[in-house]
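These figures come from a predicted structure and were not determined experimentally. Residue numbers begin at 1 in each chain, while the letters A, B, ... track the order of the sequences.
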Amino acid sequence: MKIGYPCINLSVAPLGAKTFRLATYSESKFKDVVANNLNYLERILQFNVLKGILFFRISSDIIPFASHDVCNIDWADFYKEELRRIGGFIKKNKIRISMHPDQFVLINSIKSEILENSIAELVYHAKFLDALGLNLTHKIQIHIGGVYDDKQASIQRFISRFKKLPVKIKRRLVIENDDHLYSLADCLHISKKVGVPVLLDVFHHKCHNQGESLSLALKKSIATWKSADGIPMLDYSSQRPHARIGTHIESINARDFTEFIKNLGRKDFDVMLEIKDKEKSALKALEILKKLKKI
DNA sequence: AGGTGTCAAGCGTCC
DNA sequence: GGACGCTTGACACCT
């Protein structure tokens with residue numbers, strides 16, 4: 001079992017990740033920012049290894065505008081040395097990587113332009129992981145998408161679109177249940193049709209489910225992962241007290257997390273903590289795992 | 001130097 | 001119909 005956190009590290013450098021506005025795009029700005037972001041990523045990964053954190057989600061913003069028309073730079077070639085070095089570090093230390101494109105990636109969209117943009121964005125994500133030289137256990141997780149007033153049709157559209165995606169994307173993708181539209185059961189149905197692994201978001205599952213217990217949900221999710229996909233990944237968070245349902249907690253709740261880990265029994269997962277204070281909670285989670293003699 | 005409106009992109013929900 | 005949340009933070013312009 002590995003513990004991870006998403007995208008940014010607040011101890012390495014509070015303002016480590018850089019971006020810029022489309023209006024001020026220039027080749028030199030792009031190159032500066034990407035160089036900065038790759039360096040920041042490298043420092044985060046070094047920090048993580050030092051602390052025993054071996055799972056990390058790389059930000060989709062690592063290469064700004066990578067899938068946009070303005071970007072004509074072959075970044076994978078221009079930064080091949082850095083990318084190879086970082087990839088080597090990841091492999092040497094057996095770090096697990098995931099990426100999570102944001103809400104604009106909708107392969108079941110009813111608009112062809114949105115579908116095209118989504119594919120371009122997925123091509124970029126897959127290209128990034130490929131450029132690091134990582135095998136197919138390093139995944140890109142997406143949600144099913146919108147409902148567009150007809151859930152069955154939207155699921156069908158997801159399935160037929162998925163089948164037509166380039167292999168380079170398909171082999172990296174996993175699908176994740178969300179908190180109000182597509183539940184675990186929906187994802188399992190789609191998984192059966194197209195053979196894509198289902199990444200269980202346990203917090204979203206708590207918000208939106210068909211009455212399956214956590215342990216049944218875990219079991220069903222595991223069954224969708226083939227050995228080439230690696231150990232199943234899952235997203236973990238808990239409800240922030242006194243906030244809207246679905247709001248992620250500020251810092252890990254030791255009691256909830258202990259309970260969750262005990263519930264796993266002998267099942268093995270790489271656990272991504274979607275918690276606001278990032279590496280701090282990851283470190284606390286590792287302490288809890290040590291106490292429980294899980295690592 | 002500090003404050004703040006706004007940022008490539010979409011969807012659904014709440015008021 | 002507009003603001004907001006989503007994983008959400010920081011750029012860029014204003015004073």
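Geometrically, A/K80 does not engage A/W75 in a cation-pi contact defined by less than 6.0 Å to the ring centre and at most 45° from the axis. Cation-pi check for A/K2 over A/F56 is not met; the charged atom does not lie both under 6.0 angstrom from the ring centroid and within 45 degrees of its normal. Seen from the ring of A/F78, A/K31 counts as a face-on cation partner, given the 6.0 Å and 45° thresholds.
For the pair A/K111 NZ and B/dA8 C1', the interatomic distance rounds to 14 Å; values are reported in whole Å. In this structure, CG of A/D178 is placed 18 Å from P of B/dG10, rounded to the nearest angstrom. At whole-Å resolution of the value, CG in A/N177 and C1' in C/dC6 are 15 Å apart. In this structure, A/K278 places its NZ atom 7 Å from P of C/dG9, rounding to the nearest Å. Here the C1' atom of nucleotide B/dG10 and the CG atom of A/D149 are 14 Å apart, to the nearest Å. C/dT7 atom P lies 12 Å from atom CZ of A/F104, rounded to whole Å. For A/Q103 and C/dC6, the CD to C1' distance is 5 Å, given to the nearest whole Å. Atom-to-atom, NE2 of A/H208 to P of B/dT13 comes out at 11 Å; the value is rounded to the nearest Å.
If you check B/dC11, C/dG9, B/dA9 against the side chain of A/E121, the one that comes closest is B/dA9. Closest to the side chain of A/H180, out of B/dA9, C/dC11, B/dT13, is B/dT13. Proximity note for A/H143 (side chain, C-beta onward) versus B/dC11, C/dT7, B/dA9: the nearest is C/dT7.
Within the shown strands, C/dT15 is the pairing partner of B/dA1 under the Watson-Crick or G-U definition, both distances less than 3.5 Å.
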Quick one: which protein N/O atoms are closer than 3.5 Å to N/O atoms of nucleotides 12-15 of chain C? Pair and distance per line, please.
residue, atom, partner, partner atom, Å
C/dA12, OP1, A/R21, N, 3.0
C/dA12, OP1, A/T24, OG1, 2.6

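As judged by a 4.0 angstrom heavy-atom cut-off over every strand, A/V105 is placed among residues making no nucleic acid contact. Counting non-hydrogen atoms under 4.0 angstrom, A/D102 reaches a base of the nucleic acid.
A/K267 NZ: more than 12 foreign heavy atoms inside a 6.0 Å radius. Residue-environment remark: NZ (A/K294) exceeds the threshold of 12 foreign heavy atoms within 6.0 Å.
Residue-to-nucleotide contacts include no donor-acceptor pair under 3.5 Å from the side chain of A/E274 to the base of C/dT8.
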